[in-house]
Amino acid sequence: GLVMETGGFVPVDRGSREAALSSIDVAAESIRQGNSFLIFPEGTRSKTDQLLPFKKGGFIMAIKAQAPILPVAITGGRAAMRKGSAIVRPVTVSIRVGTPIATRGRTLDDRDAVIDEVRAALARVLPSVTSHRRVGLITYGPGPYNQCNVRLNLKPMPNAADPIMQEVNRITPAGKTPLTAAVEQA
């Protein structure tokens, strides 16, 4: 609707190949005009830490725009919101940025090779979660005087996944914070 249009988002009708291809053309033109796009090429959330097959639309868009692709791997976010839930839980997210992959001079016939290059780049930057990584949990919520109350729930420790999830499962949303208004305004 209006928010998507104002934000420069390009809707994609997955039910119509023709409409989806038209959206790709609109997005490619937007990129040529200097805009950037964030695309999750898997098209859905992975239930594991493994990469899913990539959809081709974002790569076709980049090739048509002759714009570089910047691989960015985000891990840890899946636990923030369970599928089908409206509750966002506190999590630690890791973001790794790879080296840009050029599409200038490439054609749509090269799209599978570009996809393979991006997959390989993401595989290189995806962090492996190891048992020796020390992770803690900090939460925030409504506090006195209309301020956020920040609390250290768990100090960083090795093998923290189970204690963190136990603590997260005990958390009950307690209302809005000053950050809520900023998010609603954005």
Side-chain angles (χ1 to χ4, degrees), residues 3-4 7-14 17 20-83 85 88-138 156-161 164-165 168 179 182-183 186:
V3 171
M4 285 185 65
F9 292 89
V10 177
V12 177
D13 181 355
R14 291 183 181 185
R17 178 175 164 77
L21 290 174
S22 176
S23 293
I24 289 171
D25 290 336
V26 169
E29 179 57 33
S30 180
I31 290 173
R32 285 190 289 272
Q33 292 176 8
N35 295 309
S36 298
F37 278 80
L38 171 67
I39 294 187
F40 294 92
E42 295 167 289
T44 189
R45 295 189 291 175
S46 173
K47 294 180 182 176
T48 69
D49 287 332
Q50 302 300 311
L51 287 173
L52 297 173
F54 286 177
K55 307 291 184 192
K56 295 183 181 186
F59 300 96
I60 293 170
M61 178 181 68
I63 291 168
K64 282 186 171 192
Q66 295 289 283
I69 297 170
L70 182 63
V72 177
I74 304 170
T75 58
R78 180 180 63 246
M81 191 173 194
R82 292 186 181 129
K83 193 167 186 168
S85 173
V88 179
R89 301 175 188 285
V91 297
T92 300
V93 176
S94 174
I95 300 173
R96 304 281 172 99
V97 180
T99 304
I101 296 171
T103 63
R104 185 163 306 283
R106 299 189 93 170
T107 69
L108 294 181
D109 291 336
D110 299 318
R111 70 180 173 267
D112 290 333
V114 171
I115 289 171
D116 290 343
E117 287 177 47
V118 172
R119 279 190 75 82
L122 286 174
R124 285 191 298 272
V125 298
L126 275 172
S128 59
V129 180
T130 62
S131 60
H132 68 274
R133 177 178 272 174
R134 295 170 52 84
V135 178
L137 176 66
I138 296 174
M157 67 176 107
N159 300 311
I164 286 175
M165 290 314 299
V168 166
L179 180 60
V183 171

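Quick note: residue numbers are just sequence positions, from 1.
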State, with a plain yes or no, whether a side-chain heavy atom of [X] is found less than 4.5 Å away from one of [Y].
X	Y	answer
Glu117	Ile69	no
Asp13	Ser23	no
Lys56	Asp112	yes
Glu29	Val26	no

Considering non-hydrogen atoms only, spot the tightest contact between [X] and [Y] and give its length.
X	Y	answer
Pro71	Ala121	CG-CB, 3.7 Å
Thr99	Leu70	C-CD1, 4.4 Å
Leu108	Ile63	N-CG2, 3.9 Å
Arg32	Ala65	NH1-CA, 3.5 Å

_So, taking the atom named CG in Asp116 and the one named CZ in Phe59, what distance separates them when rounded to the nearest 0.5 Å?_
9.5 Å

*What distance separates Ile115 CD1 from Ile101 CD1, expressed to the nearest 0.5 Å?*
11.0 Å

*Qualifying residue for side-chain hydrogen bond (donor to acceptor under 3.5 Å, both in side chains) with Lys64, from Thr107, Thr103, Asp25*: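 When Thr107, Thr103, Asp25 are each tested with Lys64, the side-chain hydrogen bond (donor to acceptor under 3.5 Å, both in side chains) holds only for Asp25.
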
